[in-house]
Amino acid sequence: MNSKIAFTVAFFLCLNVSIAQEGIVIRQYLDKIPVEVFDKTQEGITQKELNKLKNQKASKNWGIDEITSNSLRFVSKSLNTIVELLLLERENQEPILLSYVEEDEMLMIETWDLNKSPIEKVNTLPKLTVNDFFDLENQFSEPEQYQKDVFYHLEQDHVMVGLHTNMQPKYYNKNIDYMVKLDWNGEEFLVQKIKID
């Protein structure tokens, strides 16, 4: 894990995801992986390089580090960037591709509809704000100013949502009141707030 993340004083919100069943595996969708999932990386990728990467597990800038039935992990040759893909299954068994990019301090999660041609980005993750961590009396009057403090992070088959609080005076006198659990129900992510004692 990125050391900069490890040293962040963060309160994590657990996001449980229903992974694709054994009958739907990520290998079936390798040809559908869009080059756009690499757009947030410094290296980027061309369609030609992506094809080589999928066929030979290595290219000029990238290598396949790990592949399971429902997930795929790419690592840049510079070792500064990770791109992970995870299949989520809808109730109708049509999969959604979740992509995660970790590069230095930048963390990015996006979701894609694999049944569209061409592949389309879809908005499935609910937008959480800094106020999702606090009781009403502790909330910020203008939470949009602190949106950059909220981050999403993929860890194995779970998305963690955290709050960067370290060395920031605005958080000195505030205690985190809630963890928030987001459950994938096959159609959408449901929000559950869990009170911190």
Side-chain angles (χ1 to χ4, degrees), residues 12-41 43-59 62-76 81-103 106-129 132 147 150-162 179-194:
F12 293 107
L13 315 180
C14 184
L15 175 57
N16 291 335
V17 296
S18 298
I19 62 176
Q21 295 179 358
E22 190 172 345
I24 299 179
V25 295
I26 200 164
R27 289 182 186 273
Q28 296 174 246
Y29 296 93
L30 286 179
D31 290 338
K32 289 191 172 185
I33 296 173
V35 295
E36 287 81 6
V37 302
F38 292 83
D39 281 354
K40 300 297 190 297
T41 68
E43 294 88 347
I45 201 168
T46 64
Q47 187 63 59
K48 182 179 180 179
E49 184 180 4
L50 180 57
N51 291 340
K52 181 178 181 180
L53 180 60
K54 291 183 289 189
N55 293 329
Q56 301 180 18
K57 295 188 176 181
S59 68
W62 297 92
I64 294 180
D65 179 59
E66 182 179 344
I67 184 169
T68 68
S69 62
N70 68 291
S71 65
L72 184 62
R73 176 185 171 100
F74 303 100
V75 177
S76 68
T81 308
I82 294 171
V83 175
E84 294 189 48
L85 305 177
L86 178 68
L87 279 183
L88 308 179
E89 188 176 353
R90 291 181 173 138
E91 289 182 347
N92 61 8
Q93 296 189 341
E94 294 181 352
I96 289 177
L97 181 70
L98 184 149
S99 64
Y100 167 66
V101 176
E102 178 179 322
E103 185 173 84
M106 190 274 290
L107 307 172
M108 172 67 68
I109 288 180
E110 297 174 311
T111 50
W112 310 78
D113 190 338
L114 292 174
N115 291 297
K116 300 290 186 180
S117 183
I119 304 300
E120 289 184 2
K121 193 181 300 183
V122 291
N123 185 18
T124 58
L125 286 174
K127 183 178 180 180
L128 300 176
T129 73
D132 287 297
Q147 192 60 37
V150 179
F151 66 93
Y152 294 76
H153 172 59
L154 185 62
E155 186 172 321
Q156 296 180 341
D157 290 339
H158 300 281
V159 176
M160 312 297 288
V161 185
M179 294 180 66
V180 176
K181 181 180 179 181
L182 305 179
D183 292 322
W184 175 253
N185 68 357
E187 291 297 328
E188 61 182 349
F189 290 103
L190 303 178
V191 180
Q192 296 182 37
K193 283 195 169 186
I194 302 170

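Just so it is clear, the structure is predicted and the values come from calculations on it, not from any experiment. When reading the values below, keep in mind they use all heavy atoms of this one structure, side chains included, and skip hydrogens, waters and symmetry mates.
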With sequence neighbours excluded, what pairs up with [X] under the side chain to side chain contact (heavy atoms under 4.5 Å, CB included) test?
{"X": "Glu120", "answer": "Lys116"}
{"X": "Gln56", "answer": "Lys52"}
{"X": "Thr46", "answer": "Lys48, Glu49"}
{"X": "Gln47", "answer": "Val35, Leu50, Asn51, Lys54"}

Pairwise side-chain contact, [X] with [Y], heavy-atom cut-off 4.5 Å (strictly under):
{"X": "Arg90", "Y": "Asp113", "value": "yes"}
{"X": "Thr81", "Y": "Glu102", "value": "no"}
{"X": "Phe74", "Y": "Ile64", "value": "yes"}
{"X": "Thr111", "Y": "Leu97", "value": "no"}
{"X": "Glu103", "Y": "Met108", "value": "no"}
{"X": "Glu89", "Y": "Glu94", "value": "no"}
{"X": "Val150", "Y": "Thr129", "value": "no"}

Partners of [X] by salt bridge (Lys or Arg N to Asp or Glu O under 4.0 Å), sequence neighbours excluded?
{"X": "Lys57", "value": "none"}
{"X": "Asp39", "value": "none"}
{"X": "Glu43", "value": "none"}

request  = For Trp62, check ring pair (Phe, Tyr, Trp, His ring centres under 6.0 Å) against everything at least two apart and list the hits.
outcome  = Phe38

request  = Would you please test Arg27 and Ile67 for side chain to side chain contact (heavy atoms under 4.5 Å, CB included) and show each step?
outcome  = CA-CA 9 Å; Arg27 289 182 186 273; Ile67 184 169; 3.6 Å; yes

ask   = Excluding sequence neighbours, so at least two apart, what forms side chain to side chain donor-acceptor pair (under 3.5 Å) with Arg73?
value = Asp65, Glu84

Return the [atom1] to [atom2] distance between [X] and [Y], rounded to the nearest 0.5 Å.
{"X": "Leu53", "Y": "Ile45", "atom1": "CG", "atom2": "CD1", "value": "5.0 Å"}
{"X": "Ser71", "Y": "Tyr100", "atom1": "OG", "atom2": "OH", "value": "14.0 Å"}
{"X": "Leu72", "Y": "Leu30", "atom1": "CG", "atom2": "CG", "value": "6.5 Å"}

remark   = Tightest non-hydrogen contact, residues Thr68 and Ile26, listed as O-CG2, 3.5 Å

ask   = Which heavy atom in Trp112 sits nearest to a heavy atom in Pro34, and how many Å separate them?
value = CE3-CG, 4.0 Å

inquiry  = Determine whether Ile96 and Thr124 satisfy the following criterion, side chain to side chain contact (heavy atoms under 4.5 Å, CB included), listing intermediate values before the conclusion.
reply    = CA-CA 9 Å; Ile96 289 177; Thr124 58; 4.0 Å; yes

query = Which pairs pass salt bridge (charged side-chain N to carboxylate O under 4.0 Å, His left out) with one or both residues in residues 28-38, sequence neighbours excluded?
reply = none

request  = Kindly indicate, with the supporting measurements, whether the criterion side chain to side chain contact (heavy atoms under 4.5 Å, CB included) is fulfilled by Leu125 and Ile109.
outcome  = CA-CA 9 Å; Leu125 286 174; Ile109 288 180; 3.4 Å; yes

task = Would you check, one step at a time, whether the test side chain to side chain contact (heavy atoms under 4.5 Å, CB included) holds for Leu85 with Leu98?
result = CA-CA 6 Å; Leu85 305 177; Leu98 184 149; over 6 Å; no

